[in-house]
Amino acid sequence: MYRRQLKALQYDQLIELPLDDLIYVAESLRVSIDDLLEAPTTVSSKTSLTTLESPGIISVLNETDITPSGAQDLAGLLRTIPGIYFGNDVDGVKGIIVRGNWGHEGKVLFLIDDMELNENMYSVTQLLNHIPAAQISRVEVIRGPGSALYGGYAELGVVKITTHNGKGLQGAQITATAGTFGSGINSNGVSLLAGTANRNSTWSVMGSWSMADAAKGEITDFDDEPYNLQDGWLNSKNLFLNMKYAWKGLETQLLFDDYSIAPIGYESVSPNRFRSYLSQMRKSFKASDKFILTPSVTYKSQVPYWFENPSDVDYWFYKRIAQQLNTVVDLIWIPKDKIQVISGAGYRIDRARITKQEQELVGETFYNNSYSLNHSTLFAYSQVNFSGKLGNLLAE
């Protein structure tokens, strides 16, 4: 087996090798077994690199970290990573802070199975009781600017989430969680995961539901209005459905995410909802050990800050839809063991529209004095990685 073939072995393939084979691979690469089994990451490059080889400050959480952590959602996992914390945003939504910088409004990119999770209306990703930990097999985080591979929302960091698949599940499992803070049950949830793999195909179906109460007691808002959190203020719910199917290298996925939180500042407890539909299809063509071509198509439709409160004096209604269709072709070329060239090009269509209900009740338009917006983008990127004796060089 050539050196480049040994370096191409995936982490899950390495940990399944017998000890004699691990020793052979480590000696062939002239590294220790500990270095060999250091969890590789692809968050800063589409090829597998260790956290020491990868550019930037990177943290990786795998199943051996996630399972015993006791975390119930993504936020619980991110709390274990240095430099990551959370703060409050509009209507009680919790956003991310990276190394002391507020990163909620489009400054941190969230990827789930390589699909962009940020909604395109305000570019936010809601945290706290959102994205169940039971479905997550791996989290990779760049604490710092993302690479040219991502651009856009990756100004302060990238959070890459990988969920379970049929190969990892090989059966079915049910998990239930409950937690308390003060008196009574403050959070609970249930997850059902099932999947399997055979020679040509893999499939998985995962569903999770959770709800969480805010901490008990009273709070006062900026207008000196008191709120008793036991009355349901700031309570949240999340329904998360995730389906995958792969056949002979063709990967497909559908994801439905419905998250809600009851904000303060209104006449009655009314949830503010965030609903997402994500889907993707991709296939890798391996011309040789040196060339890998991967075309992909992703689509997402999201409804951010969906709110209606009939008891409010002004009857505030808000429902707008953001959609995106993204086609990309990625190329990985490895001319030599120490050199990797990663390039790609794509075309993206973005559309936003105000629903008819809001048009009739509110009548507000976008900045173009219309009820819809349309944008298209043609893009390309390139990245070169060089591994030498004195260190690694990355050019973008």
Side-chain angles (χ1 to χ4, degrees), residues 39 41 43-44 51 54 56-62 65-112 116-119 122-136 138-147 150 152-162 177 179-182 186-187 189 210-217 219-222 229 233-236 238 240 257 259-264 272 274 304-305:
T41 175
V43 69
S44 63
T51 54
S54 299
I57 303 172
I58 298 177
S59 296
V60 179
L61 301 176
N62 54 38
D65 305 304
I66 295 171
T67 303
S69 70
Q72 298 184 26
D73 58 11
L74 175 64
L77 296 173
L78 293 179
R79 286 183 189 275
T80 66
I81 296 177
I84 301 294
Y85 203 67
F86 313 101
N88 290 321
D89 193 50
V90 176
D91 283 358
V93 174
K94 303 300 183 293
I96 192 169
I97 298 172
V98 180
R99 301 166 80 183
N101 297 297
W102 181 238
H104 188 50
E105 290 97 353
K107 299 181 183 68
V108 175
L109 173 64
F110 285 81
L111 297 171
I112 183 163
E116 192 177 272
L117 193 57
N118 302 61
E119 51 85 8
Y122 302 99
S123 310
V124 305
T125 299
Q126 310 76 42
L127 297 173
L128 205 62
N129 189 37
H130 191 203
I131 311 173
Q135 294 192 25
I136 299 175
R138 186 178 177 85
V139 179
E140 303 169 49
V141 179
I142 295 179
R143 301 194 305 282
S147 69
Y150 302 113
Y153 299 145
E155 179 182 349
L156 293 179
V158 180
V159 177
K160 183 178 180 181
I161 308 155
T162 302
T177 59
T180 63
F181 184 85
N186 291 94
S187 63
S210 62
M211 64 179 297
D213 297 347
K216 304 301 181 182
I219 62 171
T220 303
D221 66 12
F222 291 111
L229 298 182
W233 300 105
L234 297 181
N235 288 359
S236 59
N238 185 212
F240 203 86
D257 176 25
Y259 176 77
S260 66
I261 186 169
I264 61 174
N272 198 328
F274 299 82
Y305 289 100

* **Identified side chain to side chain contact (heavy atoms under 4.5 Å, CB included) partner of I136 from the options L77, I112, T162** => L77
Give the minimum heavy-atom separation between [X] and [Y], together with the two atoms involved.
X: I81; Y: S59; answer: CG2-OG, 3.7 Å
X: W102; Y: K107; answer: O-CD, 3.5 Å
X: N129; Y: S236; answer: ND2-OG, 3.0 Å
X: N238; Y: P132; answer: OD1-CD, 4.0 Å
X: D73; Y: G76; answer: OD1-N, 2.9 Å
X: V98; Y: L156; answer: CG1-O, 3.6 Å

About how many Å separate [atom2] of [Y] and [atom1] of [X], when rounded to the nearest 0.5 Å?
X: F86; Y: I97; atom1: CZ; atom2: CD1; result: 9.0 Å
X: L128; Y: I96; atom1: CG; atom2: CD1; result: 12.5 Å
X: N235; Y: I261; atom1: CG; atom2: CD1; result: 8.5 Å
X: S187; Y: Q72; atom1: OG; atom2: CD; result: 4.0 Å
X: D65; Y: T80; atom1: CG; atom2: OG1; result: 7.5 Å
X: L109; Y: K160; atom1: CG; atom2: NZ; result: 10.5 Å

Donor-acceptor pair, side chain of [X] and main chain of [Y], under 3.5 angstrom:
X: R99; Y: R143; value: yes
X: D257; Y: I131; value: no
X: Q135; Y: F240; value: yes

* **With sequence neighbours excluded, residues passing side-chain contact (heavy atoms from CB on, under 4.5 Å) with T125** => F110, L117, N118
* To do: List in chain and number order the residues that pass ring-ring contact (aromatic ring centres under 6.0 Å, His included) with Y259, two or more places apart in sequence or in another chain; answer none if no residue qualifies.
  => H130
* Sort and list the pairs that fulfil side-chain hydrogen bond (donor to acceptor under 3.5 Å, both in side chains) and have at least one residue in residues 89-98, not counting sequence neighbours. => N88-K94, D89-H104, D89-Y305, D91-Y266, D91-N272
* **Any F274 side-chain heavy atom under 4.5 Å of V93 side chain** => yes
* Side chains of L229 and D213: does their closest heavy-atom pair fall under 4.5 Å? -> no
* To do: List the steps and the verdict of side-chain contact (heavy atoms from CB on, under 4.5 Å) for L74 and L127.
  => CA-CA 7 Å; L74 175 64; L127 297 173; 4.1 Å; yes
